[in-house]
J.: 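Supplied in structure tokens, the structure appears directly below.
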Amino acid sequence: MNSRLGTTASSITRSALPTTVVWDPAMTAYNFGPTHPMAPQRLELTARLAESLGLFNHSHVAVEAPTVATDVELFTVHSREYVAAVRRVSENPSRPEENRGLGTEDDPVFAGMHEASARLAGGSLVGAEAVLSGKAVRAVNFSGGMHHAARERASGFCVYNDVALAIQKLLDGGVRRIVSIDVDAHHGDGTQSIFYNDPRVMTISLHESGLTLFPGTGFANETGGPDAPGTAVNVALPAFTGDAAWLRAFHAVVPQLVGAFRPEVIVSQHGCDSHRLDPLTHLNLSVDAQREAASAVASLAAKHCDNRWIATGGGGYEVTGVVPRAWSHLIGIVTQRPVPLKAPVPEAWRNYVMETYGVSTPELMGDDVDIWWRSWEVGYDPADQVDRTVIATRKEIFPLYGLDPWFD
């Protein structure tokens, strides 16, 4: 383990791992306009709910404002030409550069775009530095998760890829192996592309199939570049996959490969647009299952990485009823203060949403569903679409790590 990772599991108590939560209201300046799905209100509502639940008020939790990532930091994963283009459209939004994804329907340009985007990116860099220095063992930047941004262009509501920036900072700080786990409904194509030929980084993405959802990529046969075979892992789930099938797929692929790859840090992206009420996707998950996924990532970090884990947000477009609950659960799990699914949503928060947005919100923190799933050990069902997806991924990747795609 790199010496910069100064805090060891033996030097802290399990119930109080030092944790950094990145938040500042300035993060809502990432704003594509009033009709765009990426509503900044989802961030403010998440922070307000988490605070109402007392998640920021623990002695082991430090709430830190993000820095604005410098150009030098951005250059670690983005080209100089691309950063210069973002700066140009930020200063003059009347001149978009659609060849770089700037000024499209997905990524409309706005004054101050560079600084707003670099601030979200800086949030994940703050988390990475906290983990590297030993100041924190875990960190969460729920405003981040901009996983579609590629080295040379914006895409899918994402301008700078904070997930990739955090991973690169960890690598530059001496971390030797990192697993990126992405559970957004959309394929984490930008993060995958940036590290596609880097054997130090395994990117695992569980997402709705590109046959039915943007960005149209992320199939089982995308497995890594020539110098890094088996480091890109994709589980392309059919539309309308629900809780039990999604969790079966996760547990049939992710724990085995994390164990085989032996990461020193896990970096995860928790887009909650897989929820059944999300207006842009076609998966059928509950908040309960999304919480279970975050809990599973936490367990993997505890087992393999001495708890070292950086979590980010991502997609999520049901702004009042889903995103704040899902990400408050994420914050609770990262900070080791999980919120029970049957806990009531604080009345003051519900009243605020009604008064501000005229929307009624759920009364409980969960969706009150049964998320039981069949483990892979029960057996492969060739008639099941999700099982066929899982076995396709296992056949592509497992043999490269000495694992049996049928039985491990």
Side-chain angles (χ1 to χ4, degrees), residues 27 30-33 36-40 42-43 69 74 76-79 82-83 85-86 89 96-110 113-114 116-121 123-124 141-168 180-196 201 203-219 222 232-237 267-274 278-283 311-317 323:
M27 300 177 98
Y30 190 85
N31 189 345
F32 290 121
H36 195 280
M38 184 74 91
R42 65 201 192 120
L43 306 180
L74 294 171
T76 62
V77 302
H78 295 292
S79 71
Y82 174 63
V83 174
V86 177
V89 300
E97 300 195 22
E98 293 188 26
N99 62 316
R100 296 191 182 275
L102 301 167
T104 63
E105 183 178 0
D106 278 359
D107 294 86
V109 296
F110 59 93
M113 179 185 235
H114 166 77
S117 304
R119 184 178 291 109
L120 295 194
S124 292
N141 175 21
F142 59 87
S143 304
M146 304 292 107
H147 63 162
H148 293 306
R151 192 177 300 278
E152 299 277 357
R153 62 178 288 117
S155 178
F157 313 163
C158 305
V159 178
Y160 293 136
N161 193 320
D162 63 289
V163 179
L165 283 159
I167 293 169
Q168 190 62 54
S180 168
I181 301 173
D182 188 321
V183 300
D184 194 288
H186 301 86
H187 177 224
D189 58 332
T191 309
Q192 175 181 287
S193 68
I194 289 168
F195 297 107
Y196 201 66
V201 180
T203 59
I204 304 175
S205 179
L206 287 88
H207 49 267
E208 182 180 333
S209 171
L211 295 175
T212 55
L213 192 68
F214 173 90
T217 56
F219 296 98
E222 297 169 35
V233 181
N234 289 289
V235 184
L237 295 162
V267 179
S268 57
Q269 197 268 20
H270 294 265
C272 54
D273 47 3
S274 57
D278 195 274
L280 299 188
T281 69
H282 315 99
L283 296 179
T312 69
Y317 310 103
V323 177

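This structure is a prediction, so every number in the text was calculated from the model and none was measured.
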J.: What residues form a side-chain hydrogen bond (donor to acceptor under 3.5 Å, both in side chains) with S268, not counting sequence neighbours?
T.: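 So S268 forms a side-chain hydrogen bond (donor to acceptor under 3.5 Å, both in side chains) with H270, W309.
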
J.: Can you tell me how far CZ of R151 sits from OG of S79, rounded to the nearest 0.5 angstrom?
T.: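 Rounded to the nearest 0.5 Å, the OG-CZ separation comes out at 8.5 Å.
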
J.: State which residues pass salt bridge (charged side-chain N to carboxylate O under 4.0 Å, His left out) with E222; sequence neighbours excluded, sorted by chain then number.
T.: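 Expected list: none.
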
J.: List the steps and the verdict of side chain to side chain contact (heavy atoms under 4.5 Å, CB included) for S180 and F195.
T.: CA-CA 10 Å; S180 168; F195 297 107; over 6 Å; no

J.: What residues form a ring-ring contact (aromatic ring centres under 6.0 Å, His included) with F32, not counting sequence neighbours?
T.: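 Applying ring-ring contact (aromatic ring centres under 6.0 Å, His included) to F32 gives Y30, H36, F110.
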
J.: Please name all residues satisfying salt bridge (charged side-chain N to carboxylate O under 4.0 Å, His left out) with E98, sequence neighbours left out, ordered by chain then number.
T.: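 Once residues adjacent in sequence are excluded, E98 has no partner under the salt bridge (charged side-chain N to carboxylate O under 4.0 Å, His left out) criterion.
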
J.: Taking side-chain contact (heavy atoms from CB on, under 4.5 Å) as the test, write out the residues that go with A85, two or more places apart.
T.: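 Once residues adjacent in sequence are excluded, the partners of A85 under the side-chain contact (heavy atoms from CB on, under 4.5 Å) criterion are R88, E97, R100, L102.
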
J.: My understanding is that only residues two or more places apart in sequence, or in another chain, count here; which of them pass side-chain hydrogen bond (donor to acceptor under 3.5 Å, both in side chains) with N234?
T.: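 Listed in chain order: H187, Q192.
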
J.: Give the C-alpha distance, both sets of side-chain angles, the deciding distance and a yes or no for side-chain hydrogen bond (donor to acceptor under 3.5 Å, both in side chains) between S155 and D107.
T.: CA-CA 7 Å; S155 178; D107 294 86; 5.5 Å; no

J.: Any idea which heavy atoms bring Y317 and P37 closest together, and the distance?
T.: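 Taking Y317 first and P37 second, the nearest heavy atoms are CD2-O, 3.4 Å.
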
J.: Is a side-chain N or O of Q269 found less than 3.5 angstrom from the main chain of G145, in a donor-acceptor match?
T.: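 Confirmed, Q269 side chain pairs with G145 backbone.
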
J.: Going by side-chain hydrogen bond (donor to acceptor under 3.5 Å, both in side chains), name the residues that satisfy it together with R153, two or more places apart in sequence or in a different chain.
T.: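 In terms of side-chain hydrogen bond (donor to acceptor under 3.5 Å, both in side chains), with neighbours along the sequence ignored, R153 is linked to no residue.
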
J.: For R119, what residues pass the salt bridge (charged side-chain N to carboxylate O under 4.0 Å, His left out) criterion, not counting sequence neighbours?
T.: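 R119 satisfies salt bridge (charged side-chain N to carboxylate O under 4.0 Å, His left out) with E115 only.
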
J.: Is there any salt bridge (charged side-chain N to carboxylate O under 4.0 Å, His left out) pair reaching into residues 180-191, and which pairs are they, with sequence neighbours excluded?
T.: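 Listed once each, the pairs would be none.
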
J.: What residues, two or more places apart in sequence or in another chain, satisfy side-chain hydrogen bond (donor to acceptor under 3.5 Å, both in side chains) together with S124?
T.: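 Listed in chain order: N141, D162.
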
J.: Under the ring-ring contact (aromatic ring centres under 6.0 Å, His included) test, which residues partner H78, sequence neighbours left out?
T.: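 Scan of H78 (ring-ring contact (aromatic ring centres under 6.0 Å, His included), adjacent residues dropped) gives Y82, Y160.
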
J.: List the residues meeting side-chain contact (heavy atoms from CB on, under 4.5 Å) with A185, not counting sequence neighbours, and say none if there are none.
T.: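 So A185 forms a side-chain contact (heavy atoms from CB on, under 4.5 Å) with L213, D273, S274, T281, L283.
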
